[in-house]
Amino acid sequence: MGASVIVLLGPPGAGKGTQAARLARSLGVPHVATGDLFRENLANDTELGGKARSYMDSGALVPDDLVVDMLFDRVARDDCSGGYLLDGFPRNVAQAECLVQRLDNSWSLAVVVLNVPDEQIIERAAGRLLCRSCTNIHHVTSAQPKVEGICDACGGELYRREDDRPEVVRDRLGVFYKETRPVVEFYETRGGVCRVDGSRSRDQVFDAIVECIGANA
Ligand code: AMP
C-alpha cells in the first residue's frame with residue numbers, strides 16, 4: 001500500500017476498534033485509535049490523561065487541541081510514514097479540517113462509515129470487553145473469550161469500559177449525531193465515503209470494508 005490514510009467512522013460500539021485492529025494487522029499498517037491513546041494516558045497517569053478524564057467519563061469529546069496534538073505526535077513517528085489507519089478521529093468537522101491541513105497531495109484518503117442501528121449499539125457496548133494489553137475486543141455473548149476474563153489473542157486481562165454503561169453510551173450516541181455525523185457529510189462532498197452495514201457478522205463487515213478500500217487484505 002502507498003502512503004494512504006484509512007479513516008473509519010461510525011457511532012460508538014459500531015465495531016470500529018475490532019475491524020480496525022484486524023485491518024491494520026492484515027495491511028501491515030499502524031492502528032491509531034485516539035480513544036486507546038487517551039486510555040493509555042489514563043492508565044499511566046499522565047498530565048494529558050488527567051486533562052482528558054472528566055470528558056471521557058461523561059462521554060463528551062476531549063477538546064480539539066489536546067486530541068490533535070496527541071494524534072499528530074503519534075502519526076509523526078516512522079511507523080506511520082507508509083500509511084496508517086485512524087479509528088476515532090476525526091470526531092468533528094474542526095478535526096477533519098486539521099487532517100486536511102496535515103496531509104499533502106502525496107497522501108490518499110479512504111473513508112469508511114460503519115452503520116449500526118442505535119438499539120444494537122447499546123447492546124454491543126453493554127457486553128463489550130477490552131483487553132488491557134492489546135487492542136483485541138471481546139463480547140460477553142457474541143465474541144466470548146475461551147477463558148473468562150482472559151484475552152484470546154494475548155492472554156491479557158479483560159475489562160469493561162467505564163463509558164460503556166448504557167446511560168453514558170446514550171450520551172456518546174448523542175455526541176456522535178451532533179458532532180461526528182457532519183464529518184461524514186464533510187467527506188461526502190470531498191471525494192466520497194464508502195458505507196458498510198456494520199450490523200452483520202465480524203467477517204462479513206471485514207470483507208465489505210476490504211472491498212470498499214480496494215485493498216488486498
Ligand atoms: P473511543 O474509544 O474512540 O470511543 O473514545 C473514548 C473517549 O475518548 C471518547 O468518548 C472521547 O471522550 C475521547 N476521544 C477519543 N477520540 C476523540 C476525538 N477524536 N476527539 C475528542 N475526544 C475523543
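None of the values given here were measured: they were computed from a predicted structure. For ligands, and for the atoms within them, numbers begin at 1 and follow the listed sequence.
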**Student:** Only one of T34, D64, V100, T180 passes side-chain contact (heavy atoms from CB on, under 4.5 Å) with Q95; say which it is.
**Tutor:** D64
**Student:** Applying the side-chain contact (heavy atoms from CB on, under 4.5 Å) criterion to L71, which one of D69, D73, V75 satisfies it?
**Tutor:**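 Filter result, single survivor: V75.
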**Student:** Considering only heavy atoms from C-beta outward, does the side chain of L173 approach that of I122 to under 4.5 Å?
**Tutor:**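 With C-beta onward as the side chain, the pair touches.
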**Student:** Charged N to carboxylate O below 4.0 Å: is that the case for R53 and E162?
**Tutor:** no
**Student:** Just one of R170, R128, R124 clears the salt bridge (charged side-chain N to carboxylate O under 4.0 Å, His left out) bar with D164, so which one?
**Tutor:** R128
**Student:** Could you pull out the N/O contacts under 3.5 angstrom between ligand 1 and the surrounding protein atoms?
**Tutor:**
| from | atom 1 | to | atom 2 | distance (Å) |
| --- | --- | --- | --- | --- |
| ligand 1 | 2 (O) | R39 | NH1 | 2.9 |
| ligand 1 | 2 (O) | R39 | NH2 | 2.9 |
| ligand 1 | 2 (O) | R161 | NH1 | 3.0 |
| ligand 1 | 2 (O) | R161 | NH2 | 3.4 |
| ligand 1 | 3 (O) | R91 | NH1 | 3.1 |
| ligand 1 | 3 (O) | R91 | NH2 | 3.2 |
| ligand 1 | 4 (O) | R91 | NH2 | 3.3 |
| ligand 1 | 4 (O) | R161 | NH2 | 2.9 |
| ligand 1 | 4 (O) | R172 | NH2 | 3.3 |
| ligand 1 | 5 (O) | R91 | NH2 | 3.3 |
| ligand 1 | 12 (O) | A60 | O | 2.6 |
| ligand 1 | 16 (N) | T34 | OG1 | 2.8 |
| ligand 1 | 16 (N) | G88 | O | 3.4 |
| ligand 1 | 16 (N) | R91 | NH1 | 3.4 |
| ligand 1 | 19 (N) | G88 | O | 2.9 |
| ligand 1 | 19 (N) | Q95 | OE1 | 3.0 |
| ligand 1 | 20 (N) | Q95 | NE2 | 2.9 |
| ligand 1 | 22 (N) | V62 | N | 3.0 |

**Student:** Counting only N and O atoms by type, is there a donor-acceptor contact under 3.5 Å from the side chain of K16 to the main-chain atoms of G88?
**Tutor:**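 Checking the backbone N and O of G88 against the side chain of K16, no donor-acceptor pair under 3.5 Å is found.
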